[in-house]
Visitor: 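One structure is given below, represented as structure tokens, and several questions about it will come after.
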Amino acid sequence: MADSSPVPEPPDTLTDTRELLLGYLDHYRSALLRKLDGMPEDDLRTSRLPSGWTPLGLLKHLAYVERRWFRWGFAAERVDDVDGDRDPGSGRWHVGPEESVDGLKRLFLDECARSREIVAGADLQDPARTGGGFGPSEHRPALVWILFHVLQEYARHVGHLDIVRELADGVTGE
């Protein structure tokens, strides 16, 4: 994985809700890629935890989080696969041996780019559209809720990756 330019944490003077949510989301997206940079492929594909997830599996999972919440969930786009990060038998995150590191990074970056396009064309109070992740009789969360939900998922998973990276090679820090 090539080095990723860090996206700094938004300044503590920022009060615009949209800019704050999007700034933190890009900060955590960047942090994820930086924490994976420099890991040998064997370490990217090796689990150090009883649950069995791998750093590469986490990258793939977060690409599908972007797809599920923004493309399928909020925009109700027709997408080929919303659960491609999960093994059909176990439900656990899965990366096949044929899936390359570069290919999964490209998938992640493409999904993030599409998410940014969707968010740029919507108001924070807009509800998710019907037809993707939400049916006509279901409550459809507003974009602001989806952004906050995805942000907290990134924060949690990047924290998990901090620990896995330290266990793998001793690298710590942002």
Side-chain angles (χ1 to χ4, degrees), residues 1-7 9 21-22 24-75 77-119 128 132-134 141 145-174:
M1 242 175 232
D3 289 332
S4 301
S5 301
V7 173
E9 181 177 13
L21 288 169
L22 297 179
Y24 266 108
L25 193 51
D26 277 339
H27 171 72
Y28 281 113
R29 288 167 173 154
S30 169
L32 168 73
L33 293 174
R34 279 194 325 278
K35 289 175 189 305
L36 295 173
D37 278 346
M39 288 186 83
E41 186 161 347
D42 284 350
D43 284 339
L44 289 169
R45 292 180 180 274
T46 299
S47 177
R48 297 203 169 356
L49 301 170
S51 62
W53 68 264
T54 67
L56 199 54
L58 178 61
L59 175 65
K60 184 177 177 182
H61 170 66
L62 287 170
Y64 277 86
V65 163
E66 296 271 350
R67 179 180 289 187
R68 275 190 292 273
W69 280 105
F70 295 110
R71 291 179 63 194
W72 183 64
F74 181 74
E77 287 182 7
R78 291 181 183 253
V79 292
D80 294 338
D81 189 2
V82 293
D83 292 318
D85 56 333
R86 300 188 183 279
D87 177 87
S90 69
R92 290 184 166 190
W93 299 344
H94 173 74
V95 174
E98 75 287 353
E99 294 179 282
S100 72
V101 174
D102 287 340
L104 288 174
K105 182 178 180 186
R106 201 169 28 260
L107 171 70
F108 175 77
L109 293 172
D110 289 348
E111 291 296 339
C112 291
R114 181 64 187 126
S115 295
R116 285 185 195 95
E117 291 172 3
I118 291 167
V119 171
F134 303 100
W145 187 92
I146 291 171
L147 283 166
F148 194 84
H149 175 80
V150 171
L151 175 62
Q152 66 79 30
E153 187 154 352
Y154 268 95
R156 188 175 73 246
H157 287 322
V158 169
H160 295 149
L161 188 56
D162 282 335
I163 295 164
V164 167
R165 181 70 192 255
E166 186 174 354
L167 289 170
D169 61 12
V171 172
T172 60
E174 196 172 323

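Count residues from 1 along the sequence. Note: hydrogens, waters and symmetry copies are ignored here, and every other heavy atom, side chains too, is used. Please read all numbers here as calculations on a predicted model, not as lab measurements.
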Visitor: Please report the interatomic distance CG(Leu58) to CH2(Trp53), rounded to the nearest 0.5 Å.
Guide: 5.0 Å
Visitor: Given the rule in the side-chain contact (heavy atoms from CB on, under 4.5 Å) test, do Arg68 and Asp83 qualify, once you have shown the distances and angles that lead to the verdict?
Guide: CA-CA 8 Å; Arg68 275 190 292 273; Asp83 292 318; 3.6 Å; yes
Visitor: Would you say Val164 and Asp43 make side-chain contact, with heavy atoms under 4.5 Å?
Guide: no
Visitor: Can you see which heavy atom on Thr46 is nearest to which on Thr54, and at what distance?
Guide: C-CG2, 3.7 Å
Visitor: Check whether any side-chain heavy atom of Val101 sits under 4.5 Å from a side-chain heavy atom of Leu36, and report yes or no.
Guide: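 No, every pair of side-chain atoms sits at 4.5 Å or beyond.
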Visitor: Just how far is it from atom CG of Asp42 to atom CG of Leu56, taken to the nearest 0.5 Å?
Guide: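 Going from CG on Asp42 over to CG on Leu56, the span is 11.5 Å.
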Visitor: Should Leu33 and Leu109 count as side-chain neighbours, where that means a heavy-atom distance under 4.5 Å?
Guide: yes
Visitor: Just to verify, what does Ser90 make a side-chain hydrogen bond (donor to acceptor under 3.5 Å, both in side chains) with, not counting sequence neighbours?
Guide: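 Here the qualifying residues are Asp87.
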Visitor: May I have the step-by-step check of side-chain contact (heavy atoms from CB on, under 4.5 Å) for Leu62 and Arg29, ending in yes or no?
Guide: CA-CA 9 Å; Leu62 287 170; Arg29 288 167 173 154; over 6 Å; no
Visitor: Minimum heavy-atom separation for Pro6 to Arg34, with atom names?
Guide: CA-NH1, 3.4 Å
Visitor: Could you check whether any side-chain heavy atom of Leu147 comes within less than 4.5 Å of a side-chain heavy atom of Phe70, counting everything from C-beta outward?
Guide: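 With C-beta onward as the side chain, the pair touches.
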Visitor: Is any side-chain heavy atom of His157 closer than 4.5 Å to a side-chain heavy atom of Leu32?
Guide: no
Visitor: Is the shortest distance from a Lys or Arg side-chain nitrogen in Glu111 or Arg114 to a carboxylate oxygen in the other one below 4.0 Å?
Guide: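 Between Arg114 and Glu111 there is no salt bridge, as every charged N stays at least 4.0 Å from the carboxylate O atoms.
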Visitor: Using a 6.0 Å cut-off, check whether atom CZ of Phe148 has over 12 heavy atoms from anything other than its own residue.
Guide: no
Visitor: Determine which pairs satisfy salt bridge (charged side-chain N to carboxylate O under 4.0 Å, His left out) with at least one residue from residues 51-61, sequence neighbours left out, and list them in order.
Guide: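 Checked against salt bridge (charged side-chain N to carboxylate O under 4.0 Å, His left out) - neighbours excluded - the pairs reaching residues 51-61 are Lys60-Glu99.
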Visitor: Please collect all salt bridge (charged side-chain N to carboxylate O under 4.0 Å, His left out) contacts where either partner lies in residues 148-158, sequence neighbours excluded, each pair once.
Guide: none
Visitor: Evaluate the side-chain proximity of Arg67 to Asp81: yes if any heavy-atom separation is below 4.5 Å, no if none is.
Guide: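 The answer is yes, as the side chains (C-beta and beyond) meet within the 4.5 Å cut-off.
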Visitor: Under a 4.0 Å threshold between the charged nitrogen and the carboxylate oxygen, would Arg116 count as salt-bridged to Asp26?
Guide: yes
Visitor: With rounding to the nearest 0.5 Å, note down the distance linking CG in Asp102 to CG in Leu107.
Guide: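 Atom-to-atom, Asp102:CG and Leu107:CG are 12.5 Å apart.
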Visitor: Identify, with sequence neighbours excluded, every residue that meets side-chain hydrogen bond (donor to acceptor under 3.5 Å, both in side chains) alongside Arg165.
Guide: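 For Arg165 the side-chain hydrogen bond (donor to acceptor under 3.5 Å, both in side chains) partners, ignoring immediate neighbours, are Asp169.
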Visitor: Going by heavy atoms in the side chains, are Tyr24 and Glu9 under 4.5 Å from each other?
Guide: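 Touching, per the 4.5 Å side-chain cut-off.
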Visitor: Which heavy atom in Glu41 sits nearest to a heavy atom in Arg45, and how many Å separate them?
Guide: OE2-NE, 2.8 Å
Visitor: Which value, rounded to the nearest 0.5 Å, describes the distance between Phe134 atom CZ and Trp72 atom CH2?
Guide: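 Output value for this atom pair is 8.0 Å.
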Visitor: Work out which heavy atom in Ala128 is nearest to a heavy atom in Gly73; give both atom names and the distance.
Guide: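 In terms of heavy atoms, the two residues are closest at CB-O, 3.5 Å.
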Visitor: Can you give me the closest heavy-atom contact between Trp145 and Pro141, atom names plus distance?
Guide: CE3-CB, 3.8 Å
Visitor: State the CG-OG distance between Leu25 and Ser30, to the nearest 0.5 angstrom.
Guide: 11.5 Å
Visitor: Quick one: side-chain hydrogen bond (donor to acceptor under 3.5 Å, both in side chains) partners of Trp93, sequence neighbours excluded?
Guide: His61
Visitor: Tell me, do Glu77 and Ile118 make a side-chain contact under 4.5 Å, heavy atoms counted?
Guide: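 In short, these two side chains touch, coming nearer than 4.5 Å.
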Visitor: Output all residues satisfying side-chain hydrogen bond (donor to acceptor under 3.5 Å, both in side chains) with Tyr154, sequence neighbours left out; order by chain, then residue number.
Guide: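 Result, side-chain hydrogen bond (donor to acceptor under 3.5 Å, both in side chains) vs Tyr154: Glu66.
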Visitor: For Val158 versus Lys35, what's the shortest heavy-atom pair and its separation?
Guide: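 It is CG1-CE, 3.4 Å.
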